[in-house]
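The structure appears below as structure tokens.
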Number of protein chains: 2
Amino acid sequence: MGVRTPTELTTEFRTRGLKVTPQRQLLFRLLHGNMTHPTAERLFAEASAQMPGISLRTVYQTLNDLTAMGELQILQSAAGSARFDPNIDDHHHALCDRCGELHDVYVDHFDSLMVSGFDGFRPDRASIVFGGVCAACAAA
Amino acid sequence: MGVRTPTELTTEFRTRGLKVTPQRQLLFRLLHGNMTHPTAERLFAEASAQMPGISLRTVYQTLNDLTAMGELQILQSAAGSARFDPNIDDHHHALCDRCGELHDVYVDHFDSLMVSGFDGFRPDRASIVFGGVCAACAAA
DNA sequence: TTGCAGATCAGCAGAGGTTGCAGATACGGT
DNA sequence: ACCGTATCTGCAACCTCTGCTGATCTGCAA
Ligand SMILES: [Mn+2]
Ligand SMILES: [Mn+2]
Ligand SMILES: [Zn+2]
Ligand SMILES: [Zn+2]
């Protein structure tokens, strides 16, 4: 779970009555196993290298469709553009202050956390972002 | 700690060689004890009511100055504009899916959380956003 | 295989939020 | 009160993302 292959996404699009165009297939491939939490611009650049002429609009459209299907998570970056995450497993993130890299971390026993102040609020999910310095930047 | 009065902010600005203008003082007052996590536009509207002619640019400038001094936290809202938080105590947030209200929650024993995947990453802070429905919206 | 209705595409214009810039203004040390 | 310089205002530009439109392409039925 949590990793959809291009073939699975193709099937899912067809099942929902959405057409599977070459542009969409390219994006399925670019996203598959992508751990970089890329922005739309970044995916557009990578897509353009393989398919000159593809439009940024189409990239956004496909990312939005995938998000609506629950196949992508959107992560709001502090500065600038949204980042897209094809990892739909329950996980959290570590953001490097120096290079901006975002990588996945997994948290156990999150439910045992003691939280005060909910005051009637009913949480149904939580997202943690750790800030700090990544291994590569610490070495440099 | 965690709550700076307008007087304290005035002193801090002077200490740093920054001037204390009526515009800045008004914003100090509007932020003091403000638990609403307002946007810049919202603060601009409130400020304009008391000081017609103040510019949105000045509001942003002062909020940025305060943030650079560590007297404000910026919270990147998923959709739209940033929200500013004068509460600089270590705390986290609950975001209502219905009305967008953001309120403070406090977490104990955060350090006891089991996190895997840091892989050399050195975290120095963390921010949790709980998603769900607030008490007021659940009642309606 | 062919043809059609409707989905999708590229390209561009525009919205929303934030920042850069330049000339006018005013804080605050003297 | 004066002056030097930080700040203010107003506007234009910027960045990211979405709306719109005519042309093109896809999936499906025949
Ligand atoms: Mn992730
Ligand atoms: Mn807060
Ligand atoms: Zn790094
Ligand atoms: Zn609510």
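Everything quoted here is computed from the prediction, not taken from an experiment. Naming convention: chains lettered A, B, ... in sequence-line order (proteins, then strands); numbering from 1 in each chain.
- Within the nucleic acid shown, B:T58 comes within 4.0 Å of at least one base atom, counting heavy atoms only.
- Among C:dT18, C:dT8, D:dT18, the nucleotide with an atom closest to any side-chain atom of A:K19 is C:dT8.
- A:Q23 comes within 4.0 angstrom of the backbone, heavy atoms only, and of no base.
- Put simply, CG on B:L63 is 13 Å from C1' on C:dG17, counting in whole angstrom units.
- One atom, CG of A:D65, and another, P of C:dC9, lie 9 Å apart when rounded to the nearest Å.
- In this structure, A:L56 atom CG and C:dA13 atom P are separated by 15 Å, rounded to whole Å.
- Atom CD in B:Q76 sits about 12 Å away from atom P in C:dG17, given to the nearest Å.
- Comparing B:L18 and B:T39 by the nucleotide of DNA chain C whose heavy atom lies nearest to each, the residue mapping closer to the 5' end is B:T39.
- The side chain of B:R14 lies closest to C:dG28 when the candidates are D:dT9, C:dC27, C:dG28.
- Close to D:dT18, at under 4.0 Å from its OP1 or OP2, lies no side-chain N or O of A:R57.
- B:S112 contributes a side-chain N or O that, together with a main-chain N or O of B:H109, makes up a donor-acceptor pair within less than 3.5 Å.
- Where B:S55 and B:G17 each meet DNA chain D at their nearest nucleotide, the meeting point lying more 5' is that of B:G17.
- If you look at A:Y60 and A:F44, their ring centroids are not closer than 6.0 Å.
- Among the protein residues, A:I54 comes within range of the sugar-phosphate backbone only, with heavy atoms under 4.0 Å from sugar or phosphate atoms but none that close to a base.
- Across every non-hydrogen atom of A:R83 and A:H37, the tightest pair is NE-O, 2.8 Å.
- Base pairing of C:dA26: its partner is D:dT5, meeting the Watson-Crick or G-U wobble criterion (both donor-acceptor distances under 3.5 Å).
- As judged by a 4.0 angstrom heavy-atom cut-off over every strand, A:G53 is placed among residues touching the sugar-phosphate backbone only.
- Contact annotation: B:T21 does not reach the phosphate of C:dA26 (side-chain N/O to OP1 or OP2, under 4.0 Å).
- To the nearest angstrom, C1' of D:dT7 lies 14 Å from CG of B:N64.
- Look at CZ on B:F84: it is 12 Å from P on C:dG17, rounded to the nearest Å.
- At least one donor-acceptor pair under 3.5 Å links the side chain of B:S77 to the backbone N or O of B:S81.
- Shown here, C:dC4 forms a base pair with D:dG27; the pair counts as Watson-Crick or G-U wobble because both key distances fall under 3.5 Å.
- Looking at A:T58, its side chain never comes within 3.5 Å of a backbone N or O of A:I54 through a donor-acceptor pair.
- OP1 and OP2 of C:dT19 both lie 4.0 Å or more from every side-chain N or O belonging to B:Y60.
- For A:Q61, no side-chain nitrogen or oxygen approaches OP1 or OP2 of D:dG19 to under 4.0 Å.
- Following rounding to the nearest Å, A:M51 (CE) and C:dC9 (C1') show an atom-to-atom distance of 11 Å.
- Per the geometry, CZ belonging to A:F44 stands 15 Å off P belonging to D:dC15, to the nearest Å.
- Under the 3.5 Å distance criterion, the side-chain polar atoms of A:H91 are matched with a main-chain donor or acceptor of A:D89.
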